[in-house]
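Input: a single structure, listed below in structure tokens.
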Amino acid sequence: MNQASNFMPTPDQDVLEVKPLRTLAPMFPAPLGVNVFNQLTTSPLVFVAPAGQFPGVFGNSNHPAVRSFSAFGDQDKAISGGQTAAFSDQETGRDESAANGTPNIGANATGPIDATPMSAYKSTQPSVISLDNDDNDDEPYAGNQTSASGRNIKRPSHLSEYNMSDSLGSDSSNGTKIKRPKSSYKTAAADNELSLTPSSNPREIVEVVLMTFEALRRRHLQLDETQETSKRADLKAGAIMMASNLRANIGKRIGTVPGVEIGDIFYFRMELCIIGLHAPSMGGIDYMNAKFGDEDDSVAICIVAAGVYENDDDDTDTLVYSGSGGISRNNEERHDQKLERGNLALERSLSRKNVIRVVRGYKDPACLTGKVYIYDGLYKIHESWKEKTKTGINCFKYKLQREPGQPDGVAIWKMSQRWMENPSARGRVLHPDLSSGTENLPVCLINDVNSEKGPGHFTYITQVKYFKPLSSMKPFQSCRCLSVCLPGDPSCVCAHHNGGDLPYSSSGLLVCRKPMIYECSESCQCSFNCRNRVSQKGVRIHFEVFRTTNRGWGLRSWDAIRGGSFICEYVGEVVDDTKVNLDGEDDYLFRTVCPGEKTLKWNYGPELIGEQSINISADTFEPLPIKISAKKMGNISRFMNHSCTPNVFWQPVQFDHGEDGYPHIMFFALKHIPPMTELTYDYGDIGAEFSGVGSNRAKNCLCGSSNCRGYFS
DNA sequence: GGCACGTCACACCG
DNA sequence: CCGGTGTGACGTGC
């Protein structure tokens with residue numbers, strides 16, 4: 001289905017008919033006074049905690065006491081009361097609009113709104129998703145909410161003051177800066193546009209923030225390609241997040257950051273910034289004023305070790321960190337590092353013996369130019385000295401030692417990197433390759449839990465078996481692009497199919513979840529290197545099938561997987577309905593059941609830049625007729641377990657035939673997935689379909705998420 | 001390899 | 001003593 005016909009808000013779009021998504025972009029804040037939001041059918045950025053939908057037995061069984069929220073610092077007292085009331089309502093299930101006193105945006109948006117579209121999004125409730133940090137009992141140094149200068153932190157926010165139309169418009173030659181307005185925070189607090197209602201689960205808040213950032217970044221990347229605008233989509237996305245206060249853990253703190261776990265991986269400095277892990281978007285040392293008894297001291301709280309001064313490779317518990325400064329900007333003279341700012345803070349931390357978060361940066365093995373940042377937990381400085389560098393300046397050195405008793409972070413990363421270089425280094429291997437060489441990379445079988453020798457018998461296949469031959473199916477419409485399909489090419493039929501843009505970024509990341517993605521096919525003129533061929537090329541990840549403790553066999557990866565990456569296809573036999581019923585129970589049956597909120601909201605971002613949400617809501621979701629059974633034959637995806645807090649989602653993809661009811665089911669990463677993390681997707685809610693006769697389909701869920709629904713289909 | 005960029009802390013000002 | 005504003009320092013990502 002071509003969505004183009006749905007959004008044609010302005011008359012001048014006639015000339016751009018083949019690129020409907022692009023024409024939507026410059027509309028913010030509706031410079032022509034034309035409302036672009038009246039097509040919205042879903043509320044922007046309204047987050048309903050899944051637990052809230054399933055009150056009672058399962059919803060909050062393993063929650064600690066529901067935590068109340070306060071806004072950052074104390075400057076928002078005026079609104080924090082309302083916020084608390086809204087957020088602590090989770091036990092009872094929720095009616096979003098009633099709970100927070102916000103007009104239902106979805107309802108508003110179905111009717112025409114004129115002139116000032118963003119006002120439709122304004123809520124009385126701030127979108128600030130910060131957490132109290134005073135519940136860290138194990139934290140001896142209560143981080144106060146002030147900056148190092150001792151002042152409260154300001155958070156101005158008024159998205160509608162930004163002229164996004166310039167930065168996104170095709171007539172802009174070099175883009176427009178997204179400037180933070182200088183309005184006072186009081187105005188800002190009252191005027192927050194986005195009701196990104198958090199759950200009380202800090203992890204979930206962090207994930208939503210990161211997911212939104214990524215969605216924005218990918219979309220900006222896509223827009224930048226078709227226009228000659230400046231690059232740095234990461235900064236643009238970051239600026240929007242900062243401006244609309246879509247951040248977690250605002251306010252500095254010593255020690256752990258709620259919702260951030262050791263081993264978490266990041267691909268941009270801005271990500272560290274918006275989740276409150278490391279505030280400076282550039283500097284390596286984050287520090288703050290903290291109270292030590294009666295005294296104040298400015299101490300370091302987090303460092304990013306860029307990986308330049310890599311030391312002992314085997315000793316992941318020690319880190320020698322160099323102070324900052326000394327390297328001049330524009331060929332000015334180098335000078336010795338000074339004991340000020342960050343360097344001074346590190347020195348103070350040595351004597352105060354406070355814990356310091358450490359983020360280690362490495363070259364991204366999957367991307368030649370990229371970098372990956374790994375949160376490695378808490379360290380303490382044990383020693384400091386001065387040293388002359390090769391360039392002849394004096395610099396400070398700090399020796400940090402990892403605090404004992406923490407789970408492995410960087411150690412896991414390094415270990416799995418070693419396995420990829422030398423798979424025989426992986427111990428406890430039951431089988432070196434389940435696929436017997438049919439996949440691009442071997443899939444090993446591991447059991448380090450019990451004595452079970454492996455999963456039940458099945459035949460490993462790498463391609464879906466349809467019940468009728470491909471040749472008898474409706475043919476795929478192909479493009480005539482020479483060499484490769486290029487973004488912004490109006491004559492590319494495949495781009496047109498996908499709503500005007502190529503669905504993948506140049507590095508192969510899916511930009512947006514959609515009802516259907518059309519990759520280029522064999523019948524297309526473009527080469528195999530065309531960027532619109534991603535999932536058809538098969539797996540690129542080192543998988544291992546492993547024994548879980550309580551959920552049978554599972555799937556995980558040695559590679560770190562970046563959010564939006566293709567993971568694998570659900571391979572098996574396509575079965576028809578009559579057969580499904582005859583066979584009875586089939587634990588390996590894939591159906592396109594409506595997944596949970598998290599999966600549906602993967603495209604969070606577009607609303608923030610005034611585009612129509614491509615999200616499908618649970619109400620409008622329609623399952624496809626395709627059903628795939630991997631009971632007798634299948635691939636790695638048959639081992640992927642269900643989770644109510646998944647890190648993978650499925651996405652229908654077409655490329656070898658034209659029958660949209662029977663697409664390929666491809667899995668993509670919902671978020672960045674550290675190595676050795678179990679891959680899970682949401683099997684979906686049983687819903688009405690199976691509540692009657694076939695209700696034996698519902699299974700008890702063991703995913704262990706705090707927002708676990710308790711069952712799945 | 002060079003360029004352009006955003007944020008924060010702090011100095012400064014009225 | 002404030003609240004607001006200007007600016008240097010900070011590397012990053014392309």
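In what follows, every chain begins at residue 1, and chains take the letters A, B, ... in the order their sequences are listed. Hydrogens, waters and symmetry mates are skipped; everything else that's a heavy atom, side chains included, is used.
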Original post:
Would one find a side-chain N or O of A:Lys252 under 4.0 angstrom from OP1 or OP2 of B:dA9?
Top reply: yes
Original post:
Counting any heavy atom closer than 4.0 Å, what does A:Thr369 reach on the DNA or RNA strands: base, sugar-phosphate only, or nothing?
Top reply: nothing
Subject >> C:dG13 phosphate, OP1 or OP2, under 4.0 Å from A:Tyr373 side-chain N/O >> reply: yes
Original post:
Between A:Asn289 (CG) and B:dC10 (P), how many Å, whole number?
Top reply: 8 Å
Original post:
How many Å lie between NZ on A:Lys338 and C1' on B:dC10, as a whole number?
Top reply: 15 Å
Subject >> Test side-chain contact (heavy atoms from CB on, under 4.5 Å) applied to A:Tyr379 and A:Val358, A:Val355, A:Ile303, the passing residue >> reply: A:Val358
**OP:** Using atom CG of A:Asp224 as one end and atom C1' of B:dC5 as the other, report the distance to the nearest whole Å.
**Re:** 13 Å
**OP:** Return the value, rounded to whole Å, for the distance between atom NZ of A:Lys371 and atom C1' of C:dC14.
**Re:** 14 Å
Subject >> C:dC14 phosphate, OP1 or OP2, under 4.0 Å from A:Arg232 side-chain N/O >> reply: no
Subject >> Interatomic distance, A:His220 NE2 vs C:dG13 P [rounded to whole Å] >> reply: 17 Å
Original post:
Nearest-Å distance, CD (A:Glu271) to P (B:dT7)?
Top reply: 15 Å
**OP:** Choose from C:dG13, B:dC10, B:dC5 the nucleotide whose nearest atom is closest to any side-chain atom of A:Arg269.
**Re:** C:dG13
Original post:
Hey, are the side chains of A:Asp501 and A:Arg219 touching, using non-hydrogen atoms and a 4.5 Å cut-off?
Top reply: yes
Original post:
Where the side chain of A:Leu235 is concerned, which of C:dC14, B:dC8, B:dC5 is the nearest nucleotide?
Top reply: B:dC5
Original post:
Does the side chain of A:Glu214 pick up a donor-acceptor pair with the side chain of A:Tyr267 at under 3.5 Å?
Top reply: no
Subject >> Between C:dC10 (P) and A:Glu340 (CD): distance, integer Å >> reply: 7 Å
**OP:** Round to the nearest Å and state the distance from A:Phe268 atom CZ to B:dT7 atom C1'.
**Re:** 17 Å
Subject >> Earlier contact from the 5' end, DNA chain C, for A:Arg217 and A:Ile285 >> reply: A:Ile285
Subject >> Note, A:His542 side chain near A:Ser416 side chain (heavy atom, < 4.5 Å) >> reply: no
Original post:
Where do A:Asp234 and A:Phe268 come nearest, in terms of heavy atoms and distance?
Top reply: CB-CD2, 3.4 Å
